[in-house]
Number of protein chains: 2
Amino acid sequence: MINYSDILREHHLKATPQRLAIAEALHIKGHINIETLYEIMLKNFNSISLATIYKNINLMLENSFIQEVKIPNAKSVYELTKETHSHLSCEECGDIEDVYVESSDIIYSVSKKSDFEIKDMELVFLGLCKDCQKVD
Amino acid sequence: MINYSDILREHHLKATPQRLAIAEALHIKGHINIETLYEIMLKNFNSISLATIYKNINLMLENSFIQEVKIPNAKSVYELTKETHSHLSCEECGDIEDVYVESSDIIYSVSKKSDFEIKDMELVFLGLCKDCQKVD
DNA sequence: CTGACTGCAAACGTTTTGCACGGTA
DNA sequence: TACCGTGCAAAACGTTTGCAGTCAG
């Protein structure tokens, strides 16, 4: 189990028990929405407030400790900041997985045909995860 | 000016003046969020209700007359349904433009390295539009 | 003419804020 | 110890709903 105390402090965030638990939940689950995170946190802190969740998520976003992922037809999820990557979203069960896509070629080709100076891209693939393929 | 009456009816939506105005606003602006759409609509209908906007946007989404685009760090915007395309988002002024990217190669390569059966992808480029490049 | 649409007001769910207390550094 | 974080309650915000009157087909 990774110790997130130092990593939190590197991001200018005090290492409180609640924040450590959020970090651990994100580490284990990969991608979580607010509602699910609150449910998980309630198991560890019987009286944690939703306000605390929101305040911490917002601070963690501002300090780049975590990132938001907007998924079509679903609630936003949050993940620990790591190397640039894209996402696979299962339209059946909602599962979200990471996938690494080489973006430089895509960005280069779009830069050529647009007026934009492109800095980054967000890419989400929609489909069916392994388990849900069998069901359908 | 395109007449959207028939197109609305093809999507099983009655052609009311409010809906025609929404269609026209989307046609002219390309991409609009709810707040901006409401402001535009108020110029044509001095007593239009936000509830009407929401009801129509939701019906238009259900009937695929329009589509939602989720942009990182911004409100969702809506656009008339058209051929598959991606988006350029200006992080400075919020301008959004369409761009056409060949997706089959990308989807094929990701399909090979993931367990997912991929049906579609959403791609948003973040950067600076032509005007905002000069300012910075 | 009839079912669908509109506008209003109220309800709802989600997110933010203010404040007193408690805990980290 | 000083300041930041927490939990609670209330407020703010965006969106949805129910209803009575109106309109498109």
Side-chain angles (χ1 to χ4, degrees), chain A residues 3-26 32-63 65-78, chain B residues 3-25 32-63 65-78 94:
Chain A
N3 179 351
Y4 280 102
S5 298
D6 292 340
I7 305 176
L8 280 166
R9 282 189 282 265
E10 283 164 20
H11 289 268
H12 311 103
L13 297 163
K14 283 192 180 179
T16 67
Q18 290 86 343
R19 286 177 187 170
L20 289 168
I22 291 175
E24 192 165 319
L26 291 170
I32 323 186
N33 63 38
I34 296 285
E35 188 185 354
T36 307
L37 178 59
Y38 182 50
E39 287 164 10
I40 293 172
M41 294 291 286
L42 276 176
K43 293 177 187 164
N44 304 313
F45 303 83
N46 48 27
S47 70
I48 193 171
S49 163
L50 248 181
T52 300
I53 305 273
Y54 278 108
K55 284 171 187 166
N56 279 325
I57 288 293
N58 286 332
L59 273 175
M60 288 171 165
L61 283 170
E62 286 164 25
N63 293 289
F65 178 72
I66 64 173
Q67 291 184 314
E68 182 177 7
V69 185
K70 291 191 175 187
I71 303 286
N73 314 315
K75 295 177 184 171
S76 287
V77 295
Y78 301 89
Chain B
N3 179 351
Y4 281 101
S5 298
D6 293 339
I7 305 177
L8 280 167
R9 283 189 284 264
E10 283 165 19
H11 289 268
H12 312 103
L13 297 164
K14 284 192 179 180
T16 67
Q18 291 86 345
R19 287 178 185 169
L20 289 168
I22 291 175
E24 193 165 317
I32 324 185
N33 63 39
I34 297 284
E35 187 185 355
T36 307
L37 179 59
Y38 182 49
E39 287 165 8
I40 293 172
M41 295 291 285
L42 276 176
K43 292 175 187 163
N44 304 314
F45 303 83
N46 48 27
S47 69
I48 194 172
S49 162
L50 247 183
T52 299
I53 305 273
Y54 278 109
K55 285 170 188 167
N56 280 326
I57 288 292
N58 287 332
L59 272 176
M60 288 170 165
L61 283 170
E62 286 164 24
N63 293 288
F65 178 72
I66 65 172
Q67 291 183 313
E68 181 177 6
V69 186
K70 291 192 174 186
I71 303 287
N73 314 314
K75 295 177 186 170
S76 286
V77 294
Y78 301 88

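Worth saying up front: this structure is predicted, and the values here are computed from it rather than measured. Sequence lines set the chain letters: A, B, ... in the order given, protein chains first and strands last, and positions in each chain run from 1.
- One can place CZ of B/Arg19 at 15 Å from P of D/dC23, the figure rounded to the nearest angstrom.
- Protein atom CG of A/Leu50 is 19 Å distant from nucleotide atom P of D/dG5, rounded to whole Å.
- Using a 4.5 Å heavy-atom threshold, the side chains of B/Tyr4 and B/Leu20 count as touching.
- Mapping B/Ser5 and A/Asn56 onto DNA chain D by nearest heavy atom places A/Asn56 at the nucleotide closer to the 5' end.
- Screening A/Asn58, A/Leu59, A/Asn63 against A/Leu61 for a side chain to side chain contact (heavy atoms under 4.5 Å, CB included) leaves a single residue, A/Asn58.
- Within residues 38-49 of chain A, the residues approaching DNA chain D are A/Ser47, A/Ile48, A/Ser49, by heavy-atom distance under 4.0 Å.
- At the phosphate of C/dT16, OP1 or OP2 sits under 4.0 Å from a side-chain N or O atom of A/Asn58.
- No donor-acceptor pair under 3.5 Å is formed between the side chain of A/Lys14 and the backbone N or O of A/Arg9.
- Separating the CG atom of B/Asp6 from the P atom of D/dA24 is a distance of 15 Å, rounded to the nearest angstrom.
- No side-chain donor-acceptor contact under 3.5 Å links B/Thr52 and B/Gln18.
- Residues A/Leu50 and A/Ile34 meet the side-chain proximity criterion, which asks for heavy atoms closer than 4.5 Å.
- Atom CG of A/Asn73 sits in a sparse spot, with 12 or fewer heavy atoms from other residues, nucleotides or ligands closer than 6.0 Å.
- D/dG5 atom P lies 11 Å from atom CD of A/Glu62, rounded to whole Å.
- D/dG5 atom P lies 13 Å from atom NE2 of A/His12, rounded to whole Å.
- Checking the phosphate oxygens (OP1, OP2) of D/dT6, a side-chain nitrogen or oxygen of A/Thr16 falls inside 4.0 Å.
- At D/dC23, none of the side-chain N or O atoms of B/Gln18 fall inside 4.0 Å of OP1 or OP2 (strictly under the cut-off).
- Rounded to whole Å, the distance from NZ on B/Lys55 to P on C/dA9 is 13 Å.
- Nearer the 5' end of DNA chain D, as judged by each residue's closest nucleotide, is the contact made by B/Glu35, out of B/Glu35 and B/Pro17.
- In this structure, CD1 of A/Ile53 is placed 12 Å from C1' of D/dG7, rounded to the nearest angstrom.
- At a threshold of 4.5 Å between non-hydrogen side-chain atoms, the residues A/Arg19 and A/Leu13 count as touching.
- Spacing between atom CG of A/Leu13 and atom C1' of C/dA25 amounts to 14 Å, rounded to whole angstrom units.
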